[in-house]
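No experiment lies behind these values; they were computed from the predicted model shown.
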Amino acid sequence: VLATVVVVGVVSTSGPGGADPAAAAALGRLAVVAAAQPPFALRAGQYLYVRSSSDYGGSYDSCQLHTPDRTEIWVSANESGLQRDTILTPSLFYSGQAGECAHALRAARSTVGTGATAFAPGCLSLGPPDLARLPTNPAALRAKLVARKIEGGPPGPVEDFIQVGDALRETDAPPALRAALYRVASTLPGVELLGHVRDRSGREGLGLAIDDPARGERDELIFDSATAALLAEQQTVLSARSGYRAPRGTVIGWAVYRSAIVDALPAGTPTHLQPACGKGGAGSARRGGPRLTIVTGAGAPTPLGGVRPAP
């Protein structure tokens, strides 16, 4: 059940040409809530666990498919941990294509399965590079975002909005940075408030969106009003430019997120990997077993001995 947080006296940072007034006010409230949240504090042996389930579809020889997948990440305070990716069973987006797209469906189903990557210290980080070093002053953060000094990408408010989501999903961004990101979003032209909506897992949240007429799609972010956490995101049809033969508002891509602090890695995960990665997390990868990849820093890698891969 969604708890509702009522905040009074919040001044929006939106100026002329920014988000619509209702969206700017909602983002201002989310910023206040985000700033009040406790930072992630991991003790020795603990991990931030982030799980995402998504389906952003795929095209195979003009056949459009649902391609669901699941990603699980366990990351410790020293940036070691595990990422496990599972490709789930795909299905046809249009049921009427069963005959002409049978070959595409078989090809997509051949990739179903689970693979994992274990990381040495310093080799696994969440979100954009140097996330914790980003400014928490909204104006300074907006300047870096718009100049594409956080991530690359095309110019414009649609990409700005998407990159705000990039910094909030599957990340350990500190509360002050999360608050600043919401205030930046409140200045972006075209951001609209959808009100209370439900994500694909049924959770209620506060929806905000921006339209991209060039792509014929709407990008939506759904937030928990009580914690300001990003619950989910989705893409819907705006026009025929999307390439989908589907009515306006049809969901064509989605992801839902959950996170928790846990006390252990999955049984059998390789640990104490060395050498560590240096600044920037650059490392080298090698096979560690069936469907297991090991990432360590430069130098002689840790012998795996009899360690079995994570399930």
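Linking Ile, Leu, Val, Met, Phe, Trp and Tyr whenever their side-chain heavy atoms come within less than 4.5 Å puts Ile162 and Val164 in one cluster. Residue Leu230 is not grouped with residue Trp254 when hydrophobic side chains (ILVMFWY) are merged at heavy-atom distances under 4.5 angstrom, including chains of intermediate members. Hydrophobic clustering places Leu168 together with Leu193 (ILVMFWY residues linked when any side-chain heavy atoms are closer than 4.5 Å, directly or through intermediates). A chain of hydrophobic side-chain contacts below 4.5 Å, direct or via other Ile, Leu, Val, Met, Phe, Trp or Tyr residues, connects Leu177 to Phe223. Tyr94 and Leu105 fall into different hydrophobic clusters, defined by Ile, Leu, Val, Met, Phe, Trp and Tyr side-chain heavy atoms under 4.5 Å apart, directly or through other members.
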From CA spacing to verdict: side chain to side chain contact (heavy atoms under 4.5 Å, CB included), Ile222, Glu233: CA-CA 6 Å; Ile222 303 172; Glu233 55 191 308; over 6 Å; no
Criterion side chain to side chain contact (heavy atoms under 4.5 Å, CB included) on Leu30 and Leu206, from CA distance to verdict: CA-CA 10 Å; Leu30 287 170; Leu206 191 65; 4.3 Å; yes
Worked check of side chain to side chain contact (heavy atoms under 4.5 Å, CB included) between His196 and Ser225: CA-CA 9 Å; His196 288 281; Ser225 297; 3.9 Å; yes
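Within the model, atoms CZ of Arg215 and OG of Ser239 stand 10.5 Å from one another, a figure rounded to the nearest 0.5 Å.
For the pair Gln46 and Ser76, the minimum side-chain heavy-atom distance is 4.5 Å or more. Counting heavy atoms from C-beta on, the side chains of Val295 and Thr117 come closer than 4.5 Å. Between Tyr47 and Leu82, the closest side-chain pair of non-hydrogen atoms is not below 4.5 Å. Between Glu170 and Ser52, some side-chain heavy-atom pair lies under the 4.5 Å cut-off. Val184 places none of its side-chain heavy atoms less than 4.5 Å from the side chain of Leu181. Under the 4.5 Å side-chain criterion, counting only non-hydrogen atoms from C-beta, Leu131 is not in contact with Leu126.
Ring-plane geometry between Tyr49 and Trp74 is classed as tilted, the angle between the planes lying from 30 to 60 degrees on a 0 to 90 degree scale.
Arg286 places no side-chain N or O within donor-acceptor distance of the main-chain N or O of Ile294, the cut-off being under 3.5 Å. Although no hydrogens or angles enter the test, the distance criterion places a donor-acceptor pair under 3.5 Å between the side chain of Asn137 and the main chain of Ala139. At distances below 3.5 Å, at least one donor-acceptor pair connects side-chain atoms of Gln37 with backbone N or O atoms of Val33. A distance-only check finds a donor-acceptor pair linking the side chain of Arg178 to the backbone of Ala173 [under 3.5 Å]. The closest donor-acceptor contact from the side chain of Thr67 to the backbone of Gly57 lies under 3.5 Å. A distance-only check finds a donor-acceptor pair linking the side chain of Asp199 to the backbone of Arg203 [under 3.5 Å]. Side chain of Thr171 to main chain of Ala167: a donor-acceptor pair is present (N/O by atom type, distance under 3.5 Å, no hydrogens or angles).
Counting only residues at least two apart or in different chains, disulfide (SG to SG under 2.5 Å) contacts with residues 63-122 comprise Cys63-Cys101. Every pair passing side-chain hydrogen bond (donor to acceptor under 3.5 Å, both in side chains) that includes a residue from residues 141-164 is listed here, sequence neighbours excluded: Arg142-Thr187, Arg148-Asp160, Glu159-Gln163.
Residues Leu292 and Pro270 come closest through the heavy atom pair CD2-CG, 3.9 Å. Nearest heavy atom pair, residue Ala276 against residue Ala120, reads CA-CB, 4.4 Å. Taking all atoms of both residues into account, the shortest heavy-atom contact from Val191 to Phe161 is CG2-CD1, 3.8 Å. Contact detail for Val256 and Ala232: the closest heavy-atom pair is CG1-CB, 3.9 Å. When all heavy atoms of Gly122 and Cys277 are compared, the closest pair comes out as O-CB, 3.4 Å. Closest heavy-atom contact between Ala24 and Ala19: N-CB, 4.2 Å.
Using a 4.0 Å cut-off between a side-chain N of Lys or Arg and a carboxylate O of Asp or Glu, Arg241 and Glu217 do not qualify as a salt bridge.
Looking only at atom types and distance, the side chain of Gln83 has no donor-acceptor partner in the side chain of Thr71 under 3.5 Å away.
In this structure, Arg51 forms no cation-pi arrangement with Tyr257, as its terminal cationic atom is not both closer than 6.0 Å to the ring centre and no more than 45° off the ring axis.
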